[in-house]
Amino acid sequence: MAPFSYQPPTRGDKTDKHTYSQTADSALSHDQSTVAKLLKKKGDAVFSIRPGDTIAHAVQALRDKRIGALLVTDQNGTMQGILSERDIVRRMAETPGQTLPQLVSDLMTREVKTCAPSDYLIDVAKVMNEGRFRHMPVMEDGHLCGVITIGDVVNYRLQELEYEALRMKQMIVG
């Protein structure tokens, strides 16, 4: 027999008219979870490379910074594209032993999806999931102001859920 989770009220149980179940709205917390709040906690560090740099240079930067993607910017800091570990691995499969001397501009993704600080994290996560990419530059007034990853979004939301669970537990107990 399968376990049965319902337990009828017993003597001494509080008759509480409130439910503490999580709804779709509370799970998404649109009003709290914005890119700006994530960046405030994470920081706005952006690691970039130039289009004329070699893939060997990019690989060193990815390793040294322990990151999965670099933004490609010109000398003025204007975003030209993005280069991820995936881009490099795919090219290595296409040109074995010849990839490291190639230029970043030859491998980078030029059409980069971006988000704004005011965007909701749930919307950003959907775009990243549908596009099957893990890094998204954050732009405000045409200027780069950070980069977020799908891992950042998931971790931020998990922390919010833990905080919400703690608050609900305190409401129930106290």
Side-chain angles (χ1 to χ4, degrees), residues 22 24 26-74 76-96 98-165:
Q22 189 158 330
S26 68
L28 300 180
S29 287
H30 281 298
D31 59 330
Q32 296 176 4
S33 303
T34 63
V35 171
K37 288 194 175 195
L38 188 153
L39 282 179
K40 185 176 180 182
K41 191 169 191 173
K42 174 190 176 182
D44 59 0
V46 174
F47 300 106
S48 63
I49 195 163
R50 302 278 184 261
D53 288 340
T54 64
I55 296 304
H57 182 71
V59 167
Q60 284 181 326
L62 290 167
R63 180 200 62 207
D64 293 348
K65 302 295 184 191
R66 301 177 59 104
I67 55 175
L70 291 162
L71 293 183
V72 183
T73 59
D74 65 14
N76 299 322
T78 304
M79 188 173 60
Q80 304 295 306
I82 192 167
L83 180 70
S84 71
E85 293 169 324
R86 284 183 184 176
D87 297 326
I88 296 168
V89 168
R90 286 184 184 124
R91 183 58 64 97
M92 289 176 82
E94 295 166 2
T95 60
Q98 303 167 25
T99 305
L100 295 179
Q102 294 179 36
L103 297 179
V104 167
S105 60
D106 295 332
L107 273 79
M108 70 183 192
T109 300
R110 294 176 188 278
E111 298 295 319
V112 182
K113 297 255 187 199
T114 63
C115 61
S118 60
D119 289 344
Y120 297 124
L121 291 180
I122 190 68
D123 296 333
V124 171
K126 286 178 186 176
V127 169
M128 293 171 92
N129 188 49
E130 290 166 4
R132 299 185 52 76
F133 57 89
R134 298 179 302 211
H135 301 83
M136 186 179 273
V138 183
M139 303 288 287
E140 186 170 36
D141 299 325
H143 299 287
L144 194 54
C145 61
V147 176
I148 61 171
T149 69
I150 194 68
D152 296 333
V153 174
V154 169
N155 287 332
Y156 187 87
R157 186 61 189 135
L158 285 174
Q159 289 176 355
E160 276 189 334
L161 288 171
E162 287 173 5
Y163 177 73
E164 289 171 17

Next item on the list: Please answer whether the main-chain N or O of Lys126 pairs with a side-chain N or O of Asn129 as donor and acceptor at a distance below 3.5 Å.
Entry: no
Margin query: With heavy-atom distances below 4.5 Å as the criterion, would you say the side chains of Val72 and Ser48 are in contact?
Written below: no
Note to self: So, taking the atom named CD in Glu94 and the one named OG1 in Thr99, what distance separates them when rounded to the nearest 0.5 Å?
What the structure shows: 8.5 Å
Checklist line | Within 6.0 angstrom of Met139 CE, more than 12 heavy atoms from elsewhere | finding: yes
Check: Would you call Lys113 and Met128 a side-chain contact if the rule is heavy atoms closer than 4.5 Å?
Finding: no
Margin query: With rounding to the nearest 0.5 angstrom, report the CE to CD1 distance, Met136 to Ile82.
Written below: 9.5 Å
Check: Which atoms form the tightest heavy-atom contact between Leu107 and Asp87, and what is the distance?
Finding: CD2-O, 3.8 Å
Next item on the list: Check the side chains of Ser84 and Arg134 for a donor-acceptor pair under 3.5 angstrom, ignoring hydrogens and angles.
Entry: no
Checklist line | Close side-chain approach of Leu39 to Val35, heavy-atom, < 4.5 Å | finding: yes
Check: How far does CD1 of Ile55 sit from CG of Asp106, to the nearest 0.5 angstrom?
Finding: 7.5 Å
Note to self: When you compare the side chains of Ser33 and Glu160, does any donor N or O come within less than 3.5 Å of an acceptor on the partner?
What the structure shows: yes
Item checked: OG1-CD distance between Thr54 and Gln102, expressed to the nearest 0.5 angstrom -> 10.5 Å
Notebook entry, point to check: Any side-chain heavy-atom pair from Lys42 and Tyr156 closer than 4.5 angstrom?
Noted result: no
Note to self: So which atom in Cys115 and which in Ile148 form the shortest heavy-atom distance, rounded to 0.1 Å?
What the structure shows: SG-CD1, 4.1 Å
Check: Does the Asp53 side chain pair with the main chain of Arg50, one donor and one acceptor, at a distance under 3.5 Å?
Finding: yes
Next item on the list: Please report the shortest heavy-atom distance between Gly146 and Val46, naming the atom on each side.
Entry: CA-CG2, 3.6 Å
Next item on the list: Provide the closest heavy-atom pair for Leu103 versus Pro51 in the form atom of the first, atom of the second, distance.
Entry: CB-O, 4.0 Å
Next item on the list: Could you grab the distance from atom CG of Asp123 to atom OG1 of Thr34, nearest 0.5 Å is fine?
Entry: 11.5 Å
Check: Does any N or O in the side chain of Lys65 come within less than 3.5 Å of the main-chain N or O of Leu70, such that one atom is a donor and the other an acceptor?
Finding: no
Margin query: Less than 4.5 Å apart, side chain to side chain, heavy atoms only: is that true for Arg86 and Arg90?
Written below: yes
Note to self: Between Thr95 and Arg91 (side chain of the first, backbone of the second, donor and acceptor by atom type, cut-off under 3.5 Å), is there such a pair?
What the structure shows: yes
Next item on the list: Ignoring hydrogens and angles, tell me if any N or O in the side chain of Asn76 forms a donor-acceptor pair with the backbone of Thr78 under 3.5 Å.
Entry: no
Next item on the list: Measure the shortest side-chain to side-chain distance between Val147 and Val138 over non-hydrogen atoms and say whether it is less than 4.5 angstrom.
Entry: no
Next item on the list: Please answer whether the main-chain N or O of Gly151 pairs with a side-chain N or O of Asn155 as donor and acceptor at a distance below 3.5 Å.
Entry: yes
Checklist line | pair Cys145-Asp44: side-chain heavy atoms closer than 4.5 Å | finding: no
Checklist line | CG on Leu83 to CD1 on Ile88, rounded to 0.5 Å | finding: 4.5 Å
Checklist line | Any donor-acceptor N/O pair, Arg110 side chain to Ser105 backbone, under 3.5 Å | finding: yes
Note to self: Are Glu85 and Leu62 packed together at the side-chain level, in the sense that at least one heavy-atom pair is separated by less than 4.5 angstrom?
What the structure shows: yes
